[in-house]
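Values reported hereafter were calculated over all heavy atoms of this structure, with side chains retained and with hydrogens, waters and symmetry mates removed. Here is the naming used below: chain letters follow the sequence lines, and residue numbers restart at 1 for every chain.
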Number of protein chains: 2
Amino acid sequence: MPFTSAGGPPAAKPHRRDQILNAAAGLFARHGFHGVGIDEIGAAVGVSGPALYRHFRNKDAMLSEMLTSVSEHLLEAGQRTVEAAAGDAEAALHRLVRFHVDFALDNPSLISVQARNLANLTEPDQRRVRGLQRRYVEVWVEAIRKVHPDLDEPTARAAAHAVFGLINSTPHSRHLDRDQMAALLYRMAVAAIAAPDLPSARLADDTDLATG
Amino acid sequence: MPFTSAGGPPAAKPHRRDQILNAAAGLFARHGFHGVGIDEIGAAVGVSGPALYRHFRNKDAMLSEMLTSVSEHLLEAGQRTVEAAAGDAEAALHRLVRFHVDFALDNPSLISVQARNLANLTEPDQRRVRGLQRRYVEVWVEAIRKVHPDLDEPTARAAAHAVFGLINSTPHSRHLDRDQMAALLYRMAVAAIAAPDLPSARLADDTDLATG
DNA sequence: CGGGTGTGTTAACGAGCGCTAACCCAGGGG
DNA sequence: CCCCTGGGTTAGCGCTCGTTAACACACCCG
């Protein structure tokens, strides 16, 4: 279980492989996949350089495993979250938000890497990860449309992406403590999801928006 | 004027330097700064390889100029947007949203690069860009707090970052046409900004959120 | 006690890439 | 007419970096 479980105990001590993945995630998040060398990753876990090849086939394999496992985790946990709300559509959506907020706050590096470095995967791995991500988005789209049935699917999908952007913005702001941040993101996300459903109203009114 | 002006005419034809920056922005956005070679950038504008050194001191200079000019543009245009709404706080905020949405939709590559590749700048350039970004955020924070005076500053700042994340999510979703997307993002952003101000209400109610 | 397995080390190779060197040529102004 | 300037070419250098090779050693099982 390589993901921090939001306040749980240190959970034994992850052994090498996971230790390496954690260090690599942090470095990839800060400097990008190509901006980090094998030696730096090794140094970050106290071994030096090529020792990593005892644990991974190559550098790509680290990124691959990292992104694959995070995508799998999000999908699986997302599905369970919805099921756990059995029937109550609104609760399902709100729990989904809650879950994603917690995950983003507890794993900012993984969020960054997944957002920024998908393109550095080999093509088959990329397809696999994209597939998992698509299915995760699908979970959200369904949850959103159950609460807001008059949203067409493309709009719901775009809204889901936008909410991910909102929640995943977390690596870029460290001004609030964790719980305040979680509460803020939760409220903003829920409000944003509800927005496209509202009466059109003030889209073109307050002053003339067409001319600069 | 290197930025597409939201539907305007092709605007003469950008000369080399800008042409190169545009191509480089697209490539950096897709593959990351280190993932793109000089030769590829050259090829993208029809010249090959080292010809670029007639126009830029080195590869870093391209990224530097790209990010500096986009930050300057955002700050300056953001300030003008607020001034143009002279006095009307709500109009100012909504025009700010409108402006940022338009910019993000018209310059997705620049948005991506600015978000992903800040770390690849030399340290002095990085400071410069960060300074400009900070001042742009400040414009937003002031605008937000004029409309929602009971928000403390850190919260307003965090909210601003979150809204940037929401709006900047645009490179990742191409399901709607431009105008629908603009309208959607505008509504979601405005609703998200208003959210932290609302009565606490349903934060801990619907089903028990504490236990997983 | 002795060898296999797992994990680490250092040295070195080879590819890729940023950048420079050296050369070329179109075109316009004295 | 000539040369200067601006923008292009190809060849090649040197460094970085991913990866492999060869070796070392701790521990455990028979």
Side-chain angles (χ1 to χ4, degrees), chain A residues 2 12-68 113 116-126, chain B residues 2 12-68 113 116-126:
Chain A
K13 148 191 322 188
H15 209 358
R16 271 293 116 110
R17 206 179 161 84
D18 294 316
Q19 196 178 146
I20 294 170
L21 285 177
N22 285 340
L27 291 168
F28 291 166
R30 262 191 277 293
H31 308 291
F33 181 69
H34 292 294
V36 179
I38 283 289
D39 292 357
E40 303 175 57
I41 302 172
V45 299
V47 304
S48 244
L52 304 179
Y53 288 84
R54 298 293 169 193
H55 305 276
F56 295 92
R57 229 173 61 265
N58 53 31
K59 195 186 167 194
D60 290 337
M62 295 182 209
L63 184 64
S64 172
E65 181 159 332
M66 199 179 298
L67 294 197
T68 303
V113 175
R116 288 165 167 65
N117 295 333
L118 223 185
N120 301 307
L121 252 47
T122 66
E123 200 263 345
D125 287 331
Q126 207 170 129
Chain B
K13 150 189 323 187
H15 208 356
R16 271 293 114 109
R17 207 179 161 84
D18 294 317
Q19 197 178 145
I20 294 169
L21 284 178
N22 284 340
L27 291 168
F28 290 166
R30 263 191 277 293
H31 308 291
F33 181 69
H34 292 295
V36 179
I38 283 288
D39 291 357
E40 302 174 58
I41 301 173
V45 299
V47 305
S48 244
L52 304 179
Y53 289 85
R54 298 293 167 190
H55 304 276
F56 295 92
R57 230 174 58 267
N58 53 31
K59 194 186 168 194
D60 289 337
M62 294 182 210
L63 185 64
S64 172
E65 181 158 334
M66 200 180 299
L67 294 197
T68 303
V113 174
R116 288 164 167 66
N117 295 334
L118 223 186
N120 301 307
L121 252 47
T122 67
E123 201 263 345
D125 287 331
Q126 207 171 129

Closest non-hydrogen contact found for A/L52 with A/I38 is CD1-O, 3.6 Å
When rounded to whole Å, the CG to P distance for the pair A/L52 and D/dT20 reads 13 Å
Taken to the nearest whole Å, CD/B/Q19 to P/D/dG7 is 13 Å
Between CG of A/D39 and P of D/dT19 the distance, given in whole Å, is 12 Å
Tightest non-hydrogen contact, residues B/A24 and B/M66, listed as CB-CE, 3.8 Å
**Message:** Just by distance, no angles: are the side chains of A/D60 and A/T122 close enough, under 3.5 Å, to form a donor-acceptor pair?
**Reply:** no
B/F56 CZ to C/dC19 P, in whole Å, measures 13 Å
Rounded to whole Å, CZ of A/F33 lies from C1' of D/dG18 at a distance of 10 Å
Could you check whether B/N58 gets within reach of a base, just the sugar-phosphate, or nothing at all, counting any heavy atom under 4.0 Å? sugar-phosphate
Look at all strands and tell whether B/V36 reaches a base, only sugar-phosphate, or nothing, counting heavy atoms closer than 4.0 Å. sugar-phosphate
In whole angstroms, the gap separating P of D/dT19 from CG of A/D60 amounts to 6 Å
Between CD1 of B/I20 and C1' of D/dG6 the distance, given in whole Å, is 13 Å
Whether each nucleotide of nucleotides 4-16 of chain C has a protein heavy atom under 4.0 Å at its base (B), only at its sugar-phosphate (S) or at neither (-) is summarised, 5' to 3', as ---BBBBB-----
Taken to the nearest whole Å, OH/B/Y53 to C1'/D/dG7 is 16 Å
Residues B/H55 and B/A51: closest non-hydrogen pair is CD2-O, 3.7 Å
What one should report as the nearest heavy-atom pair of B/A44 and B/L27 is CB-CD1, 4.1 Å
*asked:* Treating A/K59 as the side-chain partner and A/F33 as the backbone partner, does any N or O pair qualify as donor plus acceptor under 3.5 Å?
replied: yes
